[in-house]
Amino acid sequence: MDRRYDFRTIEAKWQKTWEDNNFFKVYEDKNKPKYYNLEMFPYPSGHLHMGHVRNYAIGDVVARFKTMNGYNVLHPMGWDAFGLPAENAAIRNAVHPARWTYANIENMKSQLKTMGISYDWDREVTTCKPDYYKFTQWMFLKLFENNLAYKKRSAVNWCPSCQTVLANEQVVEGCCERCDSMVEKKQLEQWFFKTTAYAQRLLDDLDKLPGWPEKVKTMQRNWIGRSEGCQFSLAIEGRAETLSVFTTRPDTVFGVTYMVLAPEHPLVEKLAAGKAQEAQVKAFIRKMKATSDMARTASDAEKEGVFTGAYAINPLNGEKVPIWIANYVLMDYGTGAIMAVPAHDQRDFDFARKYNIPIRVVIKSPDSPARGEEMAEAYAGEGVMVNSGDFNGLDVAEGQKRIIAYMEKHGIGQRTVNYRLRDWLISRQRYWGAPIPIVYCQDCGIVPVAEKDLPVMLPEDVEFKPYGESPLSYVENFYKTSCPRCGKEARRETDTMDTFVCSSWYFDRYCSPQESEIPFSREAVDYWMPVDQYIGGVEHAILHLMYARFFTKFLYDINMLSCEEPFTNLLTQGMVLKDGAKMSKSKGNVVSPEDIINTYGADTARLFILFASPPERDLEWSDQGVEGCYRFLNRVWRLVTAYADTISQVNIPASFAELDDEARKLRFRTHTSIKKVTEDIAGRFNFNTAISAIMELSNALGSYSDNEEQDLPVVKEAINTLLLLLSPFSPHICEELWQLSGNKESVCLQPWPVHDPAALLQDEVEIVVQISGKVRDRITVPAGLTEEQLRQIALASDKIKQLTQDKKIVKTIVVPEKLVNIVVK
RNA sequence: GCCGAUGUGGCGGAAUUGGCAGACGCACCGCACUCAAAAUGCGGCGGAUAACUUCCAUGCCGGUUCGACUCCGGCCAUCGGCACCA
């Protein structure tokens with residue numbers, strides 16, 4: 001047989017075979033253990049990039065490996081198809097977002113198919129199709145029904161370039177996550193999902209996810225930002241209103257020397273009204289409005305503020321303290337007001353020094369100054385309370401408890417927990433998204449669309465230009481409707497939903513994607529969910545992964561799901577870099593997957609991307625590395641085709657009797673490779689080392705030259721093993737070679753090989769002899785010797801004798817099968 | 001500033017439980033095949049040294065240990081996340 005490795009023909013052939021025979025179609029099968037393997041579905045930008053290739057190559061190895069190990073594997077793919085790029089492209093190229101999106105999906109799907117991934121395409125989910133977004137809207141209605149979707153007017157993040165509002169999670173360092181424009185604050189009435197109602201569970205249940213990277217859990221914990229303390233009220237001198245503040249340090253309440261409100265605080269104007277400071281206060285508010293959030297919240301920003309002219313009364317000591325407003329207090333955390341304790345809070349300290357406000361020490365430790373004037377910085381450490389009336393002498397922890405108890409007893413305040421997490425702002429003033437199923441009626445107010453009337457169809461004939469309002473608000477036959485409750489003329493909500501809503505439940509839909517009356521069947525999700533292995537980029541650590549967890553908990557609560565967490569194990573893959581930087585058009589360092597697949601084939605592309613580094617680490621793209629993997633597959637091709645005819649006539653016996661040295665060495669390599677590859681894939685996803693073990697097997701086969709007839713079963717076993725082990729990585733070439741060497745059934749339907757422990761036994765092992773930890777000799781000995789025997793052999797070695805002759809042997813350490821260490825003096 | 005990760009040849013990386021540092025691949029060098037080149041095959045490849053089976057070497061300094069890339073303490077650098085969160 002003398003054919004060269006024609007990857008083009010081979011890959012097309014096997015992709016067709018798999019497809020024609022529905023190889024990857026799965027059904028619920030109670031007789032097999034299930035395995036739900038999921039890669040994050042892509043946004044259909046039109047082209048596959050290397051990050052996708054890496055993501056899906058990793059996923060496919062896991063899927064094929066699990067299938068060969070007897071699992072019933074669900075491995076679906078779909079499209080996160082709503083979103084801004086489609087709309088922007090529509091505006092730029094005068095093409096409808098739907099057409100643009102569907103064309104992209106078609107293109108990416110065919111690119112994906114050339115990768116040869118084992119997807120069950122019958123389960124394909126496309127979030128912009130009415131049969132899907134019908135149920136995204138259904139989710140909204142359920143949340144609304146359960147008081148978890150609400151509308152409110154507040155200061156929201158506005159991206160002037162995207163012309164829409166953004167959720168908190170979508171603002172990165174004050175800029176829009178998508179387009180990097182500086183985000184502005186706007187007062188708008190918007191729809192929110194009450195994620196804060198789930199803050200504690202989202203936090204607690206992270207502990208139930210041992211299969212998640214610590215890094216991601218930490219990021220979510222920080223994002224949720226739980227802090228314990230108390231909230232209490234202060235009277236305002238000469239007014240009926242009270243001022244409410246949150247603090248984590250109630251033990252320092254006797255150290256309060258002033259109060260601070262956020263400039264946006266609703267009380268500010270009232271407090272300053274008629275005071276000498278009124279003009280100053282108004283000017284400061286104006287200035288803050290003009291300052292971007294980014295500039296204002298930068299930690300190195302200079303603290304500034306003004307006195308309002310009003311005073312509050314400290315409820316614990318009756319003291320009158322001035323109320324200021326300052327840039328360093330934010331309206332959207334806590335109550336938008338703080339008690340300031342300059343002696344024990346660095347921010348308050350900086351501010352007090354600048355404006356000559358007294359600094360009073362109330363926590364004293366042996367190594368902290370006793371007087372405010374002596375302090376160089378605030379003291380936030382442990383100590384005992386001083387200058388605190390009846391509470392003097394208590395330590396920080398005890399003081400906090402006692403102060404809170406006192407406040408609760410006297411109705412001043414209570415213990416509270418505050419979260420940094422905000423509710424999820426889900427309305428978007430854009431066209432290409434799922435319409436929010438709500439109607440506004442003059443008489444009935446906010447009325448949800450009836451379930452039977454879903455989906456609220458996105459109209460097609462629309463002018464897309466964003467004017468800061470949803471394009472739907474200009475489409476009369478969309479917004480004009482009748483009230484679902486009273487039937488009178490009413491107006492539809494014209495905002496659409498954040499696309500993260502769509503991606504918060506798609507993994508449930510994959511379980512039964514054909515359902516038309518319900519979002520998913522209970523039976524199907526009970527069989528498949530939760531996802532056993534989820535794979536995707538770490539950039540979703542907070543956004544998507546927290547929203548999906550929120551949805552899952554909600555669906556559990558309304559008895560739609562039996563699991564409370566959607567993803568049991570999470571693998572966050574690293575980025576694909578070129579010349580040390582993320583591939584991007586602007587840097588001109590993009591390598592196109594299409595080119596690579598055309599030049600070397602999908603098997604090579606997949607192999608390289610898995611070989612170049614472990615999946616969680618960033619991967620440096622190397623054209624020469626790709627070349628090396630291509631060479632390796634060519635070597636495998638030559639090796640196997642050279643043997644194919646011979647071994648197709650050979651049977652592998654149930655047990656191997658007498659083998660000569662060469663054959664035994666080859667069997668040893670075959671079985672160590674099985675063991676290594678299995679452990680590397682199953683145990684720790686180290687595909688790079690799994691591939692090197694496969695290469696070692698191939699090298700061993702290559703240098704095996706002793707072709708006696710009676711040893712051919714050993715060769716056949718080695719070749720079969722090589723193909724089986726390599727098949728999850730580079731499936732097409734393995735299918736072809738598997739067939740060429742006389743096998744009838746597809747390689748990917750074979751059971752995963754199991755190593756034979758007997759083949760791993762060696763008659764001889766090399767042990768290292770050290771003197772005081774330095775290698776001084778190597779001796780080949782029979783396997784299985786006792787410690788004492790090894791010690792004697794080591795001491796008997798000429799070299800060791802010579803090196804130890806005038807030394808005193810203090811002790812010897814023996815590690816069986818490995819080493820002897822002789823400690824001398 | 002806080003939290004987390006990472007740091008090993010010319011390069012990507014390996015060493016899984018404290019036991020031979022550098023597996024596997026790339027690059028490079030030599031040889032074979034060839035008129036020649038490519039492809040392929042064989043061999044070499046951390047540094048020092050004339051040489052060795054000698055010494056040095058896993059970011060830096062120190063410690064524990066018979067033995068440390070691995071454990072402990074202190075630093076440095078790079079990357080990522082959070083950042084006036086009261």
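Keep in mind it's a predicted model, so treat the numbers as computed, not measured. Per chain, numbering begins at 1; letters A, B, ... match sequence-line order.
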A.B. asks: Using atom types as modelled and distance alone, determine if a side-chain donor or acceptor of A:Asn686 lies under 3.5 Å from a backbone N or O of A:Asn688.
C.D. replies: no

A.B. asks: Between B:C52 and B:C45, how far apart are the two P atoms, rounded to whole Å?
C.D. replies: 11 Å

A.B. asks: Does A:Lys185 pair with A:Glu264 as a salt bridge, N-O distance under 4.0 Å?
C.D. replies: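 Salt bridge flag = no for A:Glu264 with A:Lys185.
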
A.B. asks: Determine, for A:Asp332 against A:Arg422, whether the closest basic-nitrogen to carboxylate-oxygen distance falls under 4.0 angstrom.
C.D. replies: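 Yes, charged N to carboxylate O under 4.0 Å.
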
A.B. asks: Which protein N or O atoms sit under 3.5 Å from an N or O of nucleotides 17-19 of chain B?
C.D. replies:
from  : atom 1 : to       : atom 2 : distance (Å)
B:G19 : N2     : A:Asn821 : ND2    : 3.3

A.B. asks: Between A:Asn688 and B:A14, does any side-chain N or O lie under 4.0 Å from OP1 or OP2?
C.D. replies: yes

A.B. asks: Once you round it to whole Å, what is the distance between P of B:C85 and CG of A:Leu330?
C.D. replies: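 Nearest whole value for this atom pair: 8 Å.
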
A.B. asks: Thinking salt bridges, do A:Glu627 and A:Arg631 make one under a 4.0 Å N-O criterion?
C.D. replies: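 Salt bridge between A:Glu627 and A:Arg631, a charged N being under 4.0 Å from a carboxylate O: no.
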
A.B. asks: If you take atom types as modelled and just measure distance, does the side chain of A:Lys811 reach the base of B:C66 with a donor-acceptor pair under 3.5 Å?
C.D. replies: no

A.B. asks: Would you indicate what A:Asn327 reaches in the nucleic acid, counting non-hydrogen atoms under 4.0 angstrom: base, sugar-phosphate, or nothing?
C.D. replies: base

A.B. asks: Between B:C71 and B:U17, how far is it from one C1' atom to the other, in whole Å?
C.D. replies: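 Those two atoms are separated by 12 Å.
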
A.B. asks: Does B:C66 have OP1 or OP2 under 4.0 Å away from a side-chain N or O of A:Thr812?
C.D. replies: no

A.B. asks: B:C3 C1' sits how many Å from A:Arg221 CZ, rounded?
C.D. replies: 12 Å

A.B. asks: Do A:Arg4 and A:Trp637 form a cation-pi contact, if we require the NZ or CZ to be under 6.0 Å from the six-membered ring centre and within 45 degrees of the ring's axis?
C.D. replies: no

A.B. asks: Please work out whether B:G9 sits syn or anti, treating a glycosidic angle within 90° of 0 as syn.
C.D. replies: syn

A.B. asks: Give me the stems containing RNA chain B, sorted by first residue, counting only three or more consecutive Watson-Crick or G-U pairs with both distances under 3.5 Å; say none if there aren't any.
C.D. replies: B:1-7 with B:76-82, B:10-12 with B:24-26, B:28-32 with B:40-44, B:46-48 with B:54-56, B:59-63 with B:71-75

A.B. asks: Do A:Trp424 and A:Met546 come within less than 4.5 Å of each other through their side chains, counting heavy atoms only?
C.D. replies: no

A.B. asks: Is any NZ, NE, NH1 or NH2 atom of the basic residue among A:Glu304 and A:Lys287 found under 4.0 Å from an Asp or Glu carboxylate oxygen of the other?
C.D. replies: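 Salt bridge between A:Glu304 and A:Lys287, a charged N being under 4.0 Å from a carboxylate O: yes.
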
A.B. asks: What is the distance, to the nearest angstrom, from the NZ atom on A:Lys217 to the C1' atom on B:C3?
C.D. replies: 15 Å

A.B. asks: Rounded to whole Å, how long is the line connecting atom CE of A:Met331 with atom P of B:A86?
C.D. replies: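 After rounding, the reported distance stands at 16 Å.
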
A.B. asks: Between A:Phe611 and A:Phe687 (judged by ring centroids, cut-off 6.0 Å), do the two rings come close enough to count as a pair?
C.D. replies: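 They do not qualify: ring centres at least 6.0 Å apart.
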
A.B. asks: Considering just the side-chain nitrogens and oxygens of A:Arg4, establish if one lies under 4.0 Å of OP1 or OP2 belonging to B:A39.
C.D. replies: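 Indeed not, no polar side-chain atom of A:Arg4 lies that close.
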
A.B. asks: Determine whether a donor-acceptor pair (N or O, by modelled atom type, separation under 3.5 Å) exists between the side chain of A:Thr257 and the backbone of A:Arg360.
C.D. replies: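 Flag not set: sc A:Thr257 to bb A:Arg360 has no pair under 3.5 Å.
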
A.B. asks: Going through the checks in order, is the side-chain contact (heavy atoms from CB on, under 4.5 Å) test met by A:Leu577 and A:Met583?
C.D. replies: CA-CA 6 Å; A:Leu577 311 177; A:Met583 288 186 184; over 6 Å; no

A.B. asks: Tell me whether the count of non-hydrogen atoms from other residues, nucleotides or ligands lying under 6.0 Å of NZ in A:Lys217 goes above 12.
C.D. replies: yes

A.B. asks: Whole Å only: how far is the CG atom of A:Asp680 from the C1' atom of B:A15?
C.D. replies: 12 Å

A.B. asks: Would you say B:A15 has OP1 or OP2 under 4.0 Å from some side-chain N or O of A:Arg684?
C.D. replies: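 Checking A:Arg684 against B:A15: at least one side-chain N or O falls below 4.0 Å of OP1 or OP2.
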
A.B. asks: C1' atom, B:G59 versus B:U53: distance in rounded Å?
C.D. replies: 31 Å

A.B. asks: What is the distance, rounded to the nearest whole Å, between atom CG of A:Asn168 and atom C1' of B:C82?
C.D. replies: 13 Å

A.B. asks: Just how far, in rounded Å, is P of B:U78 from CG of A:Leu577?
C.D. replies: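 Roughly 17 Å, once rounded to whole Å.
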
A.B. asks: Between B:A23 atom C1' and A:Asn686 atom CG, what is the distance in whole Å?
C.D. replies: 13 Å

A.B. asks: Between A:Arg638 and B:G41, does any side-chain N or O lie under 4.0 Å from OP1 or OP2?
C.D. replies: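 A:Arg638 to B:G41 OP1/OP2: side-chain N or O found under 4.0 Å.
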
A.B. asks: With a non-hydrogen cut-off below 4.0 angstrom, is A:Val341 in contact with a base, only sugar-phosphate, or nothing?
C.D. replies: nothing

A.B. asks: Is any side-chain nitrogen or oxygen of A:Arg420 closer than 4.0 Å to OP1 or OP2 of B:A83?
C.D. replies: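 Yes.
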
A.B. asks: Please list, for nucleotides 25-27 of chain B, all pairs of protein and nucleotide N/O atoms separated by less than 3.5 Å.
C.D. replies:
from  : atom 1 : to       : atom 2 : distance (Å)
B:G25 : OP1    : A:Asn699 : ND2    : 3.2
B:C26 : OP1    : A:Arg631 : NE     : 3.4
B:C26 : OP1    : A:Arg631 : NH2    : 3.0
B:A27 : OP2    : A:Arg631 : NH2    : 3.1

A.B. asks: Could you check A:Ser227 against A:Glu214 and say which one's nearest nucleotide on RNA chain B is further toward the 5' end?
C.D. replies: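 Its nucleotide being nearer the 5' end, the pick is A:Glu214.
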
A.B. asks: Check whether more than 12 heavy atoms from other residues, nucleotides or ligands sit under 6.0 Å from atom NZ of A:Lys354, and answer yes or no.
C.D. replies: yes

A.B. asks: Between A:Lys675 and A:Asp680, does at least one N-O distance fall below 4.0 Å, as a salt bridge requires?
C.D. replies: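 Salt bridge absent between A:Lys675 and A:Asp680.
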
A.B. asks: Of A:Thr335 and A:Val768, whose closest RNA chain B nucleotide lies nearer the 5' terminus?
C.D. replies: A:Val768

